[in-house]
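Remarks on the structure that follows.
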Amino acid sequence: MNRAILADMLGDEYEIIEAENGLQAVEVLQAHGSGLALVLLDIVMPEMDGFGVLAEMNRNHWIENVPVIMISSESGTSHVERAYELGVTDFIGRPFDALIVHHRVVNTILLYAKQKKLVGIVAEQIYEKEQQSSLMIDILSHIVEFRNGESGLHVRHVHTLTELLLKQLTQCSSRYRFTRSEIAIITTASALHDIGKIAIPEEVLNKPGKLTSQEFEVMKTHSVIGAQMLRDLPIHQGEPLVKVAYEICRWHHERYDGQGYPDGLMGEEIPISAQVVALADVYDALTSDRVYKRAIPHEEAIRMILDGQCGTFNPLLLRCLTDLADTLPRELKRGASAPSSQRELQNITEEMLQQGELPVSRRTLQLLENERMKLDFYAALTQEIQFEYTLSPSSLTLSPFGANKLGFPEIIQHPHQDPGVLALISSEDLRALSTALQSTSPGRPEVIHDCKLNLPEGQRWYRIISRAIWSPDDPPRYTGAIGKAIDIHDSRTRLNDLEQLAFSDPLTGLLNHASAKERIKARLEERPDSTYALAIFDLDHFKQCNDQRGHQFGDQVLIYTAQQLQNSIRSGDIVARIGGDEFLLFLEYKASLEPIIHRIFNSLQSSFKDSVISISMGVAQTNIVGTNYDALFRAADQALYSVKRGGRGQYHFYDDSMQEILSAISPIDGSTPNKGEDKT
């Protein structure tokens with residue numbers, strides 16, 4: 001009755017959404033978010049009372065953007081005081097006067113509308129200011145990179161890596177607590193880390209070969225020169241950005257064990273800003289092309305850094321790098337496509353939100369609404385069972401297609417207790433999925449779980465791909481998950497196509513190492529009694545080919561080799577480019593393996609244009625090594641190395657005599673030996 005009275009009073013001017021209990025109110029808030037102009041809330045309600053709704057609004061920061069007027073007969077001093085403490089804008093006791101309610105509603109909505117308009121103006125001014133500042137830094141850093149002959153993405157990559165490392169460092173260590181503003185300053189200053197290279201002679205800067213000791217000493221001066229350039233600025237010396245940029249320029253080549261330059265600082269003597277940029281700079285240098293080397297694959301670069309082959313770094317930062325390792329390539333690709341001014345605006349706006357200085361602007365709300373519309377549209381197109389789970393209050397929201405497919409309502413409260421959900425998925429699988437999601441971290445939130453679902457048409461195998469949602473609190477809290485369920489049988493072809501787009505090597509179109517590894521491991525688990533072979537091969541003297549005819553020709557050779565490989569295999573075989581000029585082949589065989597390998601090997605020993613392609617290949621078999629992927633890969637690698645030692649242009653099958661081949665010739669310092677002149 002009270003809802004009907006209020007709706008009659010306000011329905012001519014406003015669109016009214018009703019909820020008959022607190023849980024429904026929270027679901028409405030989740031669905032509409034900051035799009036609501038006002039909430040009229042009672043205290044006494046079933047399922048969850050008004051104070052519970054206010055607590056959820058505070059926990060999810062909705063109260064910062066949506067005004068609440070409490071209308072209740074519970075008008076005691078303690079209730080009123082508690083309501084205001086939880087953030088209500090006004091309190092009206094029942095029975096209420098219609099005119100008073102109308103005026104207070106209108107005044108509150110107008111007040112918040114004016115505030116949002118002002119916020120929008122301020123946000124646009126911040127955006128323009130940050131855009132201009134970032135543009136100037138990008139131009140300056142691009143000039144340095146242009147002269148240095150490096151990739152135009154180097155500064156952007158270092159910027160993104162610095163931001164990711166700082167955020168991870170804040171989460172994993174109580175020693176460092178960076179605000180978003182501090183992170184924004186350090187990441188912006190990272191763009192200037194190599195500004196001193198402007199003063200380095202070009203013949204040293206862009207020398208394709210190894211520098212002499214004298215040339216290296218000249219190159220090392222760029223850190224001091226860059227710092228001095230900032231120190232000599234006639235203005236802005238007190239600005240935090242200039243101070244941090246000075247630290248980064250001078251000390252980003254210092255190392256944690258004191259073996260760096262220019263000042264030989266050790267441990268925490270090195271400012272943390274310079275330590276973070278140093279690690280970011282080394283990683284991107286390893287994984288990018290330079291005038292003197294080809295890019296190293298992501299996995300190998302991580303291993304080299306962790307093994308100390310690139311100098312000593314802060315153990316905390318190495319831990320952060322390890323935590324981020326699985327997501328770095330994707331984040332770098334995303335960061336390279338997003339203008340820095342937009343990323344910096346996001347950081348600054350979030351910082352102001354946390355401090356209560358700035359609600360979300362109408363422009364931001366419109367962007368969020370556009371994203372919601374796009375997500376709904378894509379969900380309808382994909383025809384997949386997509387879901388969103390929230391921990392508090394416990395509810396499961398299904399996409400329209402998913403709800404229709406399962407015969408469920410789109411919103412299910414308390415899904416762990418719902419009979420329909422418990423009939424769909426076994427309690428063991430539901431518990432395993434829930435445990436796996438809560439065991440993730442903000443840096444590694446993804447979970448893949450295969451299980452049987454009991455659908456109306458029968459039992460089917462599904463793959464549940466989900467991502468845990470963590471709050472921005474310190475420490476972060478698990479708040480729920482989003483994901484989708486894919487029918488492994490009906491969607492196998494479509495799933496393979498999607499994986500090919502997401503996990504393929506961009507040059508050759510073959511799988512990359514990570515996705516090939518997952519497919520091979522799945523095959524080994526599905527049919528462990530079959531016999532398989534894993535082969536690794538690379539192109540002989542490929543580095544020499546690159547040096548003599550250029551990287552563009554080298555890329556054409558790799559593409560041609562990939563095409564030859566695909567033309568030589570069967571539909572069930574798995575092939576991948578695992579880095580540089582190295583390729584992987586995984587196949588099942590029943591009788592003799594020798595003829596199969598011989599045929600594929602000969603098809604790859606061919607000519608391209610006026611060049612002869614020669615390969616070296618190592619092969620490992622499951623009936624000798626076992627079905628462990630890492631053991632198979634290691635055995636094939638050892639067999640390949642035995643070919644290198646024997647003169648190249650051959651293939652060898654792994655046997656026990658090769659078991660210690662790598663360890664027997666490892667250098668005294670413990671580093672991995674080169675397999676030949678084409679290995680760098």
From CA spacing to verdict: salt bridge (charged side-chain N to carboxylate O under 4.0 Å, His left out), E446, R330 | CA-CA 13 Å; E446 294 85 6; R330 182 172 67 251; 3.2 Å; yes
Using every non-hydrogen atom in the two residues, find where [X] and [Y] come nearest and quote the distance to one decimal.
X	Y	result
W62	Q30	CH2-CG, 3.4 Å
A635	Y654	O-CD1, 3.4 Å
P528	E525	CD-O, 3.5 Å
I17	V28	CG2-CG1, 3.8 Å
H416	L430	ND1-CD2, 3.8 Å
L38	V68	CD1-N, 4.4 Å

Salt-bridge present (E85, R82; N to O < 4.0 Å) |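 Salt bridge flag = no for R82 with E85.
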Is E526 paired with R519 through a side-chain N to carboxylate O contact shorter than 4.0 Å?
-> no
Do [X] side-chain atoms and [Y] backbone N/O form a donor-acceptor pair below 3.5 Å?
X	Y	answer
R319	C172	yes
T479	S471	no
N454	A423	yes
S72	D42	no
R303	L306	no
H79	S73	no
S466	G483	no
D487	R460	no
R570	E588	yes
R467	V447	no

Quick check: are there more than 12 heavy atoms from other residues, nucleotides or ligands sitting under 6.0 Å from CD of E15?
-> no
Looking only at the side chains, is there a donor atom on one of [X] and [Y] sitting less than 3.5 Å from an acceptor on the other?
X	Y	answer
S568	Q564	no
E47	Q24	no
S395	T390	yes

How far apart are the C-alpha atoms of L406 and L455, what are their side-chain angles, what is the distance that settles it, and do they pass the side chain to side chain contact (heavy atoms under 4.5 Å, CB included) test?
-> CA-CA 6 Å; L406 300 175; L455 301 179; 3.3 Å; yes
Are the side chains of [X] and [Y] in touch, meaning some heavy atoms are under 4.5 Å apart?
X	Y	value
T508	L565	no
C451	I464	yes
F633	I536	yes
I425	Y462	no
L584	V575	no
D630	K517	yes
H513	E582	no
I600	F537	no

Run the side chain to side chain contact (heavy atoms under 4.5 Å, CB included) check on W470 and Y478 step by step: do they pass?
-> CA-CA 5 Å; W470 292 86; Y478 170 74; 3.9 Å; yes
Could you give the distance from [atom1] ([X]) to [atom2] ([Y]), rounded to the nearest 0.5 Å?
X	Y	atom1	atom2	answer
Y629	L524	OH	CG	10.0 Å
S434	L391	OG	CG	8.0 Å
L41	M70	CG	CE	4.0 Å
F387	T397	CZ	OG1	11.0 Å
I296	M304	CD1	CE	4.5 Å
I302	L321	CD1	CG	4.0 Å

CA sep, side-chain torsions, deciding dist, call: Y283, H298, side chain to side chain contact (heavy atoms under 4.5 Å, CB included) = CA-CA 9 Å; Y283 172 86; H298 162 75; 2.6 Å; yes
Verdict with supporting geometry, F408 and L396, side chain to side chain contact (heavy atoms under 4.5 Å, CB included) = CA-CA 11 Å; F408 287 175; L396 180 68; 5.9 Å; no
